[in-house]
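Notes follow once the structure below has been shown.
Counting convention: from 1, in listed order, for ligands and their atoms alike.
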Amino acid sequence: MAVTKAVSETGWNLDNSYARLPATFYTILRPTPVRSPQLVMLNAVLAEFLGLNPVALKEKEGVEVLAGNRIAEGSMPLAQAYAGHQFGHFTMLGDGRAHLLGEQITPRGERYDIQLKGSGKTPYSRHGDGRAALGPMLREYIVSEAMYALGIPTTRSLAVVTTGEPVYRETELPGAVLTRVAASHLRVGTFQYVSKWDTDNLRVLADYTIERHFPDGLNTENRYLFLLQEVIRRQAALIAKWQLVGFVHGVMNTDNMALSGETIDYGPCAFMDSYDPATVFSSIDVYGRYAYGNQPVVAQWNLARFAETLLPLLHSDELQAVRLAQQAVSGFTDLYRSNWLAGMRAKLGIFDEEAEDESLAQSLLDLMRRHRADYTNTFLALTFDNPQYSSLSGTPEFAKWQERWQARLCRQRETRAAREQLMKKNNPALIPRNHRVEEALEAAVQREDVSVMERLLAALADPYAHSPGQVEYAAPPPPSACRYRTFCGT
Ligand code: AMP
Ligand code: MG
């Protein structure tokens with residue numbers, strides 16, 4: 001993937017490798033200009049990481065690029081085609097309100113997709129208006145940056161600009177464009193789309209994906225099997241990380257599963273307060289398909305859909321291909337479990353391995369569920385030996401569980417100080433609590449005051465610091481708070 005572009009003053013250094021793929025994969029198309037772009041949020045640290053100059057990005061021309069009104073040097077905007085199983089039903093989709101501007105090559109030579117979201121209609125918009133509202137774009141900004149700080153692979157947010165145009169949802173809302181940064185926007189759904197055409201195109205897409213994300217596979221005997229196994233491995237690691245922090249994605253359709261292993265598409269997502277595997281926030285997820293406790297199962301289902309698309313490449317003999325695919329997909333279960341268990345051990349301050357560790361963790365979770373204890377804060381109570389954090393403290397069952405846990409800790413060689421360090425690194429001081437996110441969005445959208453959001457972002461930026469300023473953000477919502485609901489199609 002050679003790069004020839006000169007670096008501009010803003011630092012845009014864009015390549016367009018996706019635009020060199022077969023034309024059926026996308027539509028070359030410019031964003032639709034907006035009336036009066038205004039910068040609301042700029043992620044200066046991320047800008048610099050990408051080799052961009054934050055000062056130049058804040059100037060009129062810089063903001064115009066982030067709004068889709070101006071095309072950066074070297075950019076060839078396009079909307080990607082893809083398909084997807086939405087709540088189990090197969091649909092042809094594509095970027096209905098997003099434009100890939102190109103791939104920024106960082107000063108270290110890494111490649112990141114730069115995508116505008118809310119930047120106008122495309123041939124894939126179906127009945128949508130191609131636009132996005134300010135609140136949901138700021139929400140994606142907050143939650144994606146929080147996930148990054150938690151150490152969870154994710155797309156990131158570079159900027160949010162308002163458009164000066166209203167969007168109409170249930171009410172009239174200010175319109176906005178988010179600039180999303182991703183290792184790539186290749187999804188399970190991209191393979192589902194291309195596999196509907198022919199095997200030659202599928203091979204091109206698979207080779208491109210391997211070259212971009214899994215270059216070690218290029219020299220293996222069966223690079224397509226390597227691709228499948230690596231995607232599965234990364235998803236197993238990713239979903240385990242979600243579970244360990246209590247993140248509910250909310251819309252795990254196959255078009256929202258990135259092959260890079262990043263969390264993508266922050267729509268109806270939210271973090272769980274009190275522990276319950278049945279937790280669902282999305283208003284449209286009536287059957288709980290994407291409930292917290294179902295996420296590993298759904299991930300495996302999505303990976304099976306991915307494996308199906310690869311069958312013609314896996315082996316010339318169809319039966320052999322199916323066997324290889326099945327073997328790889330069923331491997332997800334153990335991969336997920338070992339990732340999750342390793343993470344749970346760290347959350348509990350356990351360094352070595354004993355057969356009973358899983359049941360120790362599971363009994364704690366069962367207690368949390370029965371007592372509706374706060375997930376994040378129960379681990380803080382254990383980390384700091386501070387009963388105030390958890391409603392579980394004081395119950396006889398918890399005291400009994402703690403005895404079992406203490407006995408387990410005594411059987412390892414590490415000091416108490418080392419155990420505390422491990423727990424502090426694995427139990428965040430805070431998560432983006434829904435009521436705090438809403439409070440920040442309300443200030444930004446209703447009162448044009450982004451200071452509340454900035455303070456929240458600052459607290460979320462280092463969740464393992466356990467600094468005094470983070471304590472106020474650790475409180476769960478007041479008991480009077482209504483059940484939190486999130487919405488799609490925002
Ligand atoms: P999502 O739920 O964000 O994964 O979106 C599913 C599909 O709907 C994708 O094809 C999106 O591009 C499309 N979409 C969502 N909102 C809009 C909108 N306002 N206008 C056009 N397309 C949209
Ligand atoms: Mg999506």
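Note on ligand 1: Asp95 sits in its first shell, one or more heavy atoms being nearer than 4.0 Å.
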Report task. Verify salt bridge (Lys or Arg N to Asp or Glu O under 4.0 Å) between Arg234 and Glu262, making sure each step is shown before the conclusion. Result -> CA-CA 9 Å; Arg234 287 195 195 178; Glu262 291 180 333; over 6 Å; no
**Report entry** Derivation and outcome, salt bridge (Lys or Arg N to Asp or Glu O under 4.0 Å), residues Asp255 and Arg305
**Finding:** CA-CA 11 Å; Asp255 52 302; Arg305 305 290 77 73; over 6 Å; no
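Considering backbone and side-chain N/O atoms, Gly96 comes within less than 3.5 Å of an N/O atom of ligand 1. Considering backbone and side-chain atoms alike, Tyr124 places every N or O at 3.5 Å or more from each N or O of ligand 1. Between Gly130 and ligand 1, at least one N/O pair is under 3.5 Å apart. When only interatomic distances are considered, the shortest N/O to N/O separation between Asp265 and ligand 1 falls below 3.5 Å.
Atom numbering of ligand 1 starts at 1 in the shown order; those under 4.0 Å from a heavy atom of Tyr82 are 9 (C), 10 (O). Near Asn256, with a cut-off below 4.0 Å to any heavy atom, the atoms of ligand 1 are 4 (O). Listed by atom number, the atoms of ligand 1 under 4.0 Å from Gln86 heavy atoms are 6 (C). Ligand 1 places these atoms under 4.0 Å from at least one heavy atom of Asp255: 4 (O).
Under the 3.5 Å distance criterion, with hydrogens and angles disregarded, a donor-acceptor pair is assigned to the side chains of Tyr224 and Asp207. The closest side-chain donor-acceptor pair between Tyr484 and Glu438 falls under 3.5 angstrom. Judged by distance alone, the side chains of Ser17 and Asp15 never bring a donor and an acceptor atom under 3.5 Å apart. Donor-acceptor pairing under 3.5 Å is lacking for the side chains of Tyr18 and Ser184.
Atom CZ of Arg223 has more than 12 neighbouring heavy atoms from other residues, nucleotides or ligands inside a 6.0 Å radius. Environment of CD in Glu61: sparse, with no more than 12 heavy atoms of neighbouring residues, nucleotides or ligands closer than 6.0 Å.
Residue Arg126 touches ligand 1 through its side chain alone, judged by heavy-atom distances below 4.0 Å. With a 4.0 Å cut-off on non-hydrogen atoms, Arg169 touches ligand 1 through its side chain and not its backbone.
If you count the protein N, O or S atoms nearer to the Mg ion (ligand 2) than 2.8 Å, you get 2.
The aromatic rings of Tyr290 and Phe87 lie tilted to each other, with the angle between the two planes from 30° to 60°.
Applying the ring-ring contact (aromatic ring centres under 6.0 Å, His included) test to pairs two or more places apart or on separate chains, none has a residue in residues 26-45.
A side chain to side chain contact (heavy atoms under 4.5 Å, CB included) with Phe306 is found for exactly one of Thr190, Leu227, Thr254, namely Leu227.
Here atom 9 (C) of ligand 1 lies nearest to Gly94 when heavy atoms of Gly94, Gly189, Gly118 are compared.
With respect to Arg187 and Asp95, a salt bridge is recorded, a charged nitrogen being found less than 4.0 Å from a carboxylate O.
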